[in-house]
Amino acid sequence: MRDTLERIRQEAMEQLASPDADLEQIRIRYLGKKGELTAVLRGMGKLTAEERPVIGQLANEVRADIEAAIAAQGEKAAAAALEKKLATERIDVTMPGRAPAIGQRHPLAIVQRDMEEIFIGMGFQIAEGPEVEYDYYNFQALNIPENHPARDTQDTFYITENILLRSQTSPVQVRVMEKQRPPIRVISPGRVYRSDAVDATHSPLFHQMEGLVVDKGITMGDLKGMLELFAKQMFGEETRIRFRPHHFPFTEPSAEVDVSCFACGGKGCRLCKGEGWIEILGAGMVHPNVLRNCNVDPEEYSGFAFGMGIERVTMLKYHIDDMRLLYENDVRFLSQF
Ligand code: PHE
């Protein structure tokens, strides 16, 4: 029996010495319920009273030795596995990452935001109005009665006899004055619609930004000063502006406003078609009839309004020569801004 135990110890130790020993299988083979060591212990009953404690002690030693060796091997294997994992799964944090494809703002949105920022900086608030509008707000309240020739210049999409797609952002002026008492200082960017054929400079849907200031003692000088400030911030510090007499039914007097060409500084180039000046907006003092239509007393208050095309400014600023590029949404075009 002693020999058997020694042989078991030796065999088990030899097997455990191998680096790829199956520890669980060795445990079952020697220490398991049907294992070899267990079989020896079962036979202990046949021993004499003197032999039993000696063999018992030896058997316990053998078991303890095998268990300790299995545990030691197990730890070694776990350490080796961890080492291997660390080696193969190492991450080089200095490697450049994979850049996610990110979108960007549309050039029209960039310019609109730039305009908004400038006017917000001058104390303006943003007002919005509906794109499906009443004839009253788009025309009548703006001093453009039925059969007025000015209606023909804005080829309007009618939905019913008195509902239309707004052809300008000016109806927002009326909506704001109806709701809010002066002082008023708002801008109103948004979509407008005109039944124009699509070409390099026309689209049935485009964007305007309206501005309206109403208070006591507002003059054309205020309009001019404020637009000059806007032009300098929008197109550069050297930019000058000039007013040319014009006519709008809802302003009196009215003007078209040019900025000195920001490409050539006014010398004349392709962008300004040799003129040195570029027209960017329409403006004027709010017509007394319009104030009255909104229950604002023209004896007490005066105001100015202006309106400009966001496409036009965008095309000038970024030297875009075809308006259709702004709507086709080709990412190769859009990614340049
Ligand atoms: N609504 C005018 C247009 O579409 C622009 C404008 C707005 C002119 C406000 C004067 C005052 O042409």
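It should be emphasised that the depicted structure is a prediction, and the values quoted were computed from it without experimental measurement. One-based numbering, in listed order, for ligands and for the atoms of each.
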Quiz item: So is K224 actually on top of F243's ring, under 6.0 Å and inside 45° of the axis?
Solution: yes
Quiz item: Centres of the F119 and F306 rings: under 6.0 Å?
Solution: yes
Practice problem: Show the protein residues that qualify under the rule heavy atom under 4.0 Å from an atom of ligand 1, listing them in chain and number order. | Solution: Q168, S170, Q173, R194, Q208, E210, F248, F250, T251, G282, A283, A305, F306, G307
Quiz item: Any ion pair linking E178 and R175 (charged N to carboxylate O, less than 4.0 Å)?
Solution: no
Self-check item: CD (Q57) with more than 12 external heavy atoms under 6.0 Å
Solution: no
Quiz item: With a 3.5 Å cut-off and no angle check, do the side chains of E210 and Q173 form a donor-acceptor pair?
Solution: yes
Practice problem: Would you indicate whether Q25, at its atom CD, is surrounded by more than 12 heavy atoms from other residues, nucleotides or ligands within a distance under 6.0 Å? | Solution: no
